[in-house]
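Reviewing the structure listed below.
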Amino acid sequence: MAKIFNVNGACRPELHYMVDLTSRLEEIKKMVDAGDYFTINRARQYGKTTTLRALADYLKKNYIVVSLDFQKLGAAKFADENVFSVAFAKLFLKKIKAENELDRGILKPLEEALKESREDIELFELFEFLSDICAEADRPIVLMIDEVDAAMNNDVFVSFLAQLRADYLDRPGTPTFQSVILAGVYDVRSVKRKIRPEEEHQENSPWNIAAKFQVSMDFSVNDIVGMLEEYESDYQTGMDIQQLGNLIYNYTHGYPYLTADICKLLDEDISGTEMFPKKSDAWTSEGIHEAIKKVINEDNPLFASLLGKLKTYPELRPILQNLLFNGNPIPYVATVSYIKDAAMFGFIRNENGMAVISNRIFETVLYNHFISEEFAGNKMYEVGVQEKNRFIVSGHLDIRRILEKFIETFGEIYGHEDEEFLKKVGRKYFLLFLKPIINGVGNYSIEPQTRNSERMDLVISYRGEQNILELKLWRGNAYNERGEKQLSGYLDYFHMKKGYMLSFNFNKNKKTGIQEIVLGDRLLVEAVV
């Protein structure tokens with residue numbers, strides 16, 4: 001059976017192309033060996049379940065591993081302490097038997113208690129049975145619990161954590177688990193804040209014993225290259241593995257789901273199409289850009305979860321919009337609640353002490369989401385829809401015509417507005433204007449290293465062709481000349497001879513329109529609003 005790229009559920013090395021997890025498993029095992037209790041909290045579809053399953057196999061030489069999934073218990077099981085204790089005991093017994101070779105005699109007291117008492121085991125009694133099992137087992141026991149988010153809204157779960165904490169602090173006096181690993185999106189250390197948001201309950205989490213989990217779960221370029229090498233050995237596409245590995249990483253920053261999704265689309269959807277008839281045609285930079293366009297336009301559970309958090313946590317919206325549209329720097333302060341939440345859900349990451357959007361695909365999804373909220377009734381968007389066909393010439397995108405029409409329309413509609421308003425909406429309204437023109441065929445992305453409050457570089461892809469457009473605020477001729485040189489250098493990076501610049505000039509004596517600037521062998525087309 002041929003392997004595939006998997007984006008649904010946990011990956012298995014015998015069935016799926018996947019990165020080599022050995023180095024990560026070695027790091028996690030060191031924590032287990034040290035007796036750490038910890039949480040693997042990462043955003044949705046970040047490979048948590050895949051890592052736990054691989055870790056269970058990796059640890060079995062030295063430990064008895066019990067892997068549980070709290071989703072299997074169901075929400076009703078957390079409503080009452082006794083009901084939870086019985087449900088946990090049954091699941092624990094089922095999994096420890098199925099996954100390990102051990103003396104079944106050590107399990108009999110708990111089995112008998114379940115038969116006799118049925119629904120009448122209290123939490124402290126459950127932990128007495130678990131302590132006895134840990135004491136009599138021939139190897140230390142590691143407890144792993146996936147999908148702990150299913151329990152996060154319940155007081156019973158807090159009591160469960162508190163009991164784990166008490167036994168942890170009392171060891172070796174109380175035999176208990178060698179290590180407990182909880183996996184989910186939410187940081188279990190903040191469970192008190194999630195259940196009881198009142199100020200007096202925000203400290204002293206029952207999980208404050210947890211060690212820091214600092215093992216990176218991002219895919220590095222080398223991880224992606226290794227996965228592509230395995231695929232290439234099967235299909236001999238002739239792809240430039242290093243180049244494509246770098247390109248995929250550049251857009252995903254190693255987010256596991258996004259990386260696998262791009263590869264899966266290339267293998268199963270893009271290869272065999274009219275534009276990419278063979279696998280060798282698909283596994284190219286052009287094929288990857290086509291895959292990225294498809295990913296961004298997907299309605300998948302990851303994006304639904306991400307955007308759903310904007311409704312649940314509305315305080316995240318202005319922060320993200322500030323980063324995206326205004327380019328204002330925001331320090332990454334982990335103790336600030338909105339920074340903590342934005343990072344926990346996967347919106348942002350820490351880059352040299354500053355908050356940045358996690359990856360270029362998320363950036364574009366968020367851009368599309370925020371500007372889509374203004375589609376209805378927005379005149380810039382309406383003109384883009386109405387005039388769309390005039391900007392496509394012989395199948396190619398005419399950026400100059402787009403800029404000319406944007407200048408005309410923007411001036412007519414917003415020319416009377418003050419400078420502060422125009423600074424805030426200029427970039428957003430250009431994207432609103434551009435979106436219907438390229439929708440379904442093209443795509444755009446922002447180069448993160450160039451985005452700030454003064455400028456950002458927009459990469460517009462259309463039918464395999466790329467155009468570079470710098471959006472900037474006018475700060476005088478000297479500043480503008482520096483911008484021209486920066487854009488020229490950026491064209492070097494992309495091996496292009498022609499680039500575009502859209503300047504928002506708030507000088508009353510400004511001259512709007514289009515001019516062409518020759519810099520060496522490069523041509524810059526500048527539009528001034």
Side-chain angles (χ1 to χ4, degrees), residues 24-25 27-42 48 51-52 55-56 59 62-70 73 78 81 84-85 88 92 122-135 137 139-197 199-217 334-335 337 340-341 343-344:
R24 293 171 177 79
L25 300 179
E27 289 185 68
I28 300 173
K29 184 177 182 295
K30 290 177 182 177
M31 298 182 70
V32 172
D33 292 341
D36 289 338
Y37 285 26
F38 55 94
T39 303
I40 302 176
N41 69 283
R42 293 292 186 275
K48 300 183 292 294
T51 300
L52 286 183
L55 181 64
L59 294 176
N62 306 100
Y63 300 102
I64 294 172
V65 181
V66 185
S67 304
L68 308 183
D69 182 340
F70 267 1
L73 290 184
F78 294 94
E81 183 177 299
F84 169 79
S85 297
F88 182 93
F92 180 88
E122 295 185 15
L123 191 61
F124 82 91
E125 292 179 293
L126 170 66
F127 271 85
E128 287 182 350
F129 286 117
L130 295 177
S131 180
D132 290 341
I133 292 171
C134 290
R139 285 166 291 158
I141 300 178
V142 175
L143 176 64
M144 301 195 306
I145 305 176
D146 199 5
E147 300 292 351
V148 293
D149 296 337
M152 289 282 281
N153 284 323
N154 298 278
D155 285 318
V156 170
F157 181 58
V158 176
S159 299
F160 174 74
L161 293 179
Q163 188 66 58
L164 283 172
R165 178 181 182 272
D167 286 358
Y168 170 89
L169 293 175
D170 197 38
R171 60 183 187 178
T174 299
T176 188
F177 300 109
Q178 166 73 15
S179 180
V180 176
I181 306 169
L182 308 180
V185 173
Y186 291 91
D187 185 349
V188 182
R189 290 174 299 177
S190 64
V191 65
K192 279 281 189 180
R193 181 167 67 92
K194 191 170 189 303
I195 294 174
R196 299 186 183 92
E199 188 67 29
E200 63 269 26
H201 291 292
Q202 291 192 10
E203 303 298 332
N204 300 321
S205 163
W207 203 240
N208 59 11
I209 57 169
K212 292 181 180 179
F213 183 77
Q214 297 177 315
V215 179
S216 174
M217 294 179 68
T335 55
S337 61
K340 187 185 300 184
D341 289 340
M344 183 167 62

**Q.** Step-by-step side-chain contact (heavy atoms from CB on, under 4.5 Å) determination, Leu182 to Phe38
**A.** CA-CA 7 Å; Leu182 308 180; Phe38 55 94; over 6 Å; no
Q: Go through the steps for Val148 and Val188 under the test side-chain contact (heavy atoms from CB on, under 4.5 Å), then give the verdict.
A: CA-CA 8 Å; Val148 293; Val188 182; 3.9 Å; yes
Q) For the atom pair NZ (Lys212) and CE (Met31), what is the distance rounded to the nearest 0.5 Å? A) 11.0 Å
Q.
For Gly173 versus Pro175, what's the shortest heavy-atom pair and its separation?
A. O-CD, 3.6 Å
Q: Evaluate the ring pair (Phe, Tyr, Trp, His ring centres under 6.0 Å) criterion for residues Phe92 and Phe129: first the C-alpha distance (whole Å), next the side-chain angles of each, then the deciding distance (0.1 Å), finally the verdict.
A: CA-CA 11 Å; Phe92 180 88; Phe129 286 117; over 10 Å; no
**Q.** Audit row: Phe127, Leu164, side-chain contact (heavy atoms from CB on, under 4.5 Å) steps and yes/no
**A.** CA-CA 8 Å; Phe127 271 85; Leu164 283 172; 3.6 Å; yes
Q) Could you give the distance from CZ (Arg42) to OG (Ser216), rounded to the nearest 0.5 Å? A) 7.5 Å
Q) Is Val142 close to Met144 at the side-chain level, that is, under 4.5 Å between some pair of heavy atoms? A) yes
Q: Go through the steps to decide whether Asp132 and Cys134 satisfy the test side-chain contact (heavy atoms from CB on, under 4.5 Å), and finish with yes or no.
A: CA-CA 5 Å; Asp132 290 341; Cys134 290; over 6 Å; no
Q: Using modelled atom types only, decide if a donor and an acceptor are shared between the side chain of Gln178 and the backbone of Val32 within a distance under 3.5 Å.
A: yes
Q: Please check if the side chain of Asp149 supplies one atom and the backbone of Val185 the other of a donor-acceptor pair under 3.5 Å.
A: yes
(Q) Is the shortest side-chain heavy-atom distance between Ile40 and Met217 below 4.5 Å? (A) yes
Q | Spatial distance of atom CD (Glu128) from atom CD1 (Ile133) [nearest 0.5 Å] | A | 12.5 Å
**Q.** Candidates Leu143, Thr39, Leu55, Ile145 - the one meeting side chain to side chain contact (heavy atoms under 4.5 Å, CB included) with Ile181
**A.** Leu55
Q) OG of Ser179 to CD1 of Ile141: how many Å apart, nearest 0.5 Å? A) 12.5 Å
Q: Tell me, please, which residues at least two apart from Asp33 pass side chain to side chain donor-acceptor pair (under 3.5 Å).
A: Lys29, Tyr63
(Q) Quick one, Met344 and Asn41 - any side-chain contact, counting heavy atoms below 4.5 Å? (A) yes
(Q) Nearest 0.5 angstrom please: Glu147 CD to Leu73 CG, how far? (A) 12.0 Å
Q | Side-chain heavy atoms of Thr176 within contact of Ser131, under 4.5 Å | A | no
Q: Report the relative orientation of the aromatic rings in Phe78 and Phe70; use parallel for angles under 30°, tilted for 30 to 60°, perpendicular for over 60°.
A: perpendicular
**Q.** pair Phe160-Asp155: side-chain heavy atoms closer than 4.5 Å
**A.** no
Q: Write down the atom of Ala150, the atom of Asn154, and the distance for their closest heavy-atom approach.
A: O-ND2, 4.1 Å
Q) Is the Phe84 ring parallel, tilted or perpendicular to the Phe88 ring (thresholds 30°, 60°)? A) tilted
Q) For the side chain of Arg165 and the backbone of Ile209, is there at least one donor-acceptor N/O pair under 3.5 Å apart? A) no
Q) Sub-3.5 Å donor-acceptor pair from the side chain of Glu27 to the main-chain atoms of Arg24, do we have one? A) no
Q.
Applying the ring pair (Phe, Tyr, Trp, His ring centres under 6.0 Å) criterion to Tyr37, which one of Tyr168, Phe213, Phe177 satisfies it?
A. Tyr168
